[in-house]
Number of protein chains: 2
Amino acid sequence: MKKAEATRRTILEKAFDLIYMQGYQATSIDEIIATTKVTKGAFFYHFKNKEEMGLAVIKEIMYEGMYKNMTQSIADSKNPLKDIYNLFKELLLLNPYMQVKYGCPANNFMQEMAPLNDAFNIAFINMVTEWHNMIEQCIKRGKALGQIRKDVNPKQVAYFVMSGYGGIRILGKVYNSTDCYVTYLKELKSYLNSLQ
Amino acid sequence: MKKAEATRRTILEKAFDLIYMQGYQATSIDEIIATTKVTKGAFFYHFKNKEEMGLAVIKEIMYEGMYKNMTQSIADSKNPLKDIYNLFKELLLLNPYMQVKYGCPANNFMQEMAPLNDAFNIAFINMVTEWHNMIEQCIKRGKALGQIRKDVNPKQVAYFVMSGYGGIRILGKVYNSTDCYVTYLKELKSYLNSLQ
DNA sequence: CATAAAAAATACTAAGTAGTATTATTTACA
DNA sequence: TGTAAATAATACTACTTAGTATTTTTTATG
């Protein structure tokens with residue numbers, strides 16, 4: 001990686017961390033540069049303004065992470081219900097980056113900025129739609145494989161399980177304990193089994 | 001209501017609105033006073049600082065709203081599954097205050113501030129626990145009434161449906177359309193019926 | 001009505017904010 | 001190696017922020 005590219009990457013990664021823990025609006029450029037070896041000159045060389053940087057965080061860090069952690073494992077699943085359950089378990093209990101206290105980075109960012117910034121929101125829609133499609137396809141495959149009842153509506157189920165994930169992330173932040181994740185996962189398993 | 005009390009109330013209500021639409025950290029005292037007829041002197045007469053005001057918003061506006069809109073209708077329900085479904089439908093599609101674009105005020109506030117302010121978080125825990133207990137009791141009643149299967153775990157179900165609500169509020173913000181609410185509600189109905 | 005306390009108005013401060021202008025350094029490559 | 005372009009450093013600006021200090025007005029009550 002070229003040095004300039006590394007500087008840019010440093011900015012995006014630090015910004016991602018701070019946004020994850022504090023929120024986008026509460027994260028200042030001064031703080032990003034104070035906690036890296038990047039100067040203000042370098043920051044504004046790489047990004048026209050704070051918004052452009054925020055957009056790059058979504059598209060280059062968040063989207064990549066979402067794709068890697070939230071879609072790959074169910075992309076060609078032969079056991080849709082099982083693999084969807086495992087995906088959520090992995091995300092909630094095993095993912096090394098996410099912390100109960102701070103929830104899910106994408107969730108946080110979307111909740112904060114979706115109504116406030118159209119450019120951000122377009123990127124959010126892309127992320128969410130991508131995830132939704134992956135889950136929907138997975139459910140459809142489960143039907144084709146005869147593992148899921150014929151009358152199950154894949155689109156509905158996809159929205160339903162996505163919602164559960166988003167919501168339990170909020171409860172986790174409030175209780176600051178994985179206990180509620182565990183409880184949620186038990187019921188998720190029951191629900192998914194009820195689709196058989 | 002005494003005049004001073006009205007001033008205090010004006011501050012809290014305007015603050016609630018702005019926090020709902022912009023977030024707590026992004027809402028400045030200057031903006032609150034600029035959009036009311038309240039001066040800075042009056043503001044700091046009623047509240048020691050911004051945090052104390054935020055706490056009052058949670059305890060006096062949000063908690064009240066939560067209690068009124070989210071627990072009363074299921075408090076002594078004789079048809080738990082039906083009434084829980086109706087509660088969510090009412091909250092998502094009929095509640096006059098909440099807007100798809102801005103989601104649920106309590107959700108937003110919790111997601112933003114739970115990890116950042118302990119005093120706020122204690123108040124959030126009270127709110128969430130109250131709601132959780134109400135739903136759990138409702139499910140238990142459903143079991144006692146023979147409307148819900150014996151093997152259903154009320155605590156798990158309560159977390160599960162609460163999660164769904166929190167999450168679909170986020171999706172609603174991103175898509176800025178009630179369509180996903182409608183889709184979600186259909187699957188919620190299926191899920192609740194599966195508990196019979 | 002007098003007056004003390006409650007409530008509110010005004011003007012200010014110090015720190016933080018995004019962003020700019022200018023200068024300096026590093027890099028690529030002719 | 002020389003030099004132009006790319007990258008980065010420094011110092012600054014105009015504005016916003018939470019909060020304070022001080023004064024003024026309003027209210028309650030003897």
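So you know, we letter chains A, B, ... as the sequences are listed, proteins then strands, and number each from 1. The structure displayed is predicted, hence computed values, not measured ones.
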Inset, instruction - Report the distance from atom CD of A/E51 to atom P of C/dT17, rounded to the nearest whole Å. - result: 19 Å

Legend entry - Nearest-angstrom distance from the residue atom CZ of B/F44 to C1' of C/dA11: 14 Å

Legend entry - Parallel, tilted or perpendicular: ring planes of A/Y67 versus A/Y63, cut at 30 and 60 degrees: parallel

Inset, instruction - Establish, with yes or no, whether the OP1 or OP2 oxygen of C/dG16 is under 4.0 angstrom from a side-chain nitrogen or oxygen of A/S28. - result: no

Inset, instruction - Respond yes when some side-chain nitrogen or oxygen of A/T7 is under 4.0 Å from OP1 or OP2 of D/dT7, and no when none is. - result: no

Legend entry - Distance-only polar pair, side chains of A/D17 and A/Y102, donor-acceptor under 3.5 Å: no

Legend entry - Distance below 4.0 Å between B/Y45 side-chain N/O and C/dA8 OP1 or OP2: no

Inset, instruction - Figure out the CD1/P separation between A/I29 and C/dA18, and round it to whole Å. - result: 5 Å

Legend entry - Lys/Arg-Asp/Glu bridge criterion (N-O < 4.0 Å) met for B/R9, B/E5: no

Inset, instruction - Using whole Å, report how far CZ of B/F47 lies from P of C/dA8. - result: 11 Å

Legend entry - Donor-acceptor pair between A/E187 and B/Y191 side chains, under 3.5 angstrom: yes

Inset, instruction - Return the nearest nucleotide to the side chain of A/A4; candidates are C/dG19, D/dA8, C/dA8. - result: D/dA8

Inset, instruction - Take the protein atom CE of B/M53 and the nucleotide atom P of D/dT17, then report the distance between them rounded to whole Å. - result: 13 Å

Inset, instruction - Report the distance from atom CG of B/D30 to atom P of C/dC12, rounded to the nearest whole Å. - result: 16 Å

Legend entry - Distance test, side-chain N/O of B/H46 to OP1/OP2 of C/dA8, below 4.0 Å: yes

Legend entry - Comparing A/E31 and B/T39 on DNA chain C - which has the more 5′ nearest nucleotide: B/T39

Inset, instruction - Check for a donor-acceptor pair, side chain of A/K143 on one end and backbone N or O of A/V152 on the other, with a separation under 3.5 Å. - result: yes

Legend entry - Separation of atom NZ in B/K48 from atom C1' in C/dA7, rounded to whole Å: 19 Å

Legend entry - Whole-Å gap separating P (C/dA7) and CZ (B/R9): 17 Å

Inset, instruction - When you get a sec, tell me which of D/dA8, D/dA18, C/dT17 is the closest nucleotide to the side chain of B/K40? - result: D/dA18

Legend entry - Donor/acceptor link under 3.5 angstrom from B/K50 side chain onto base of D/dG19: no

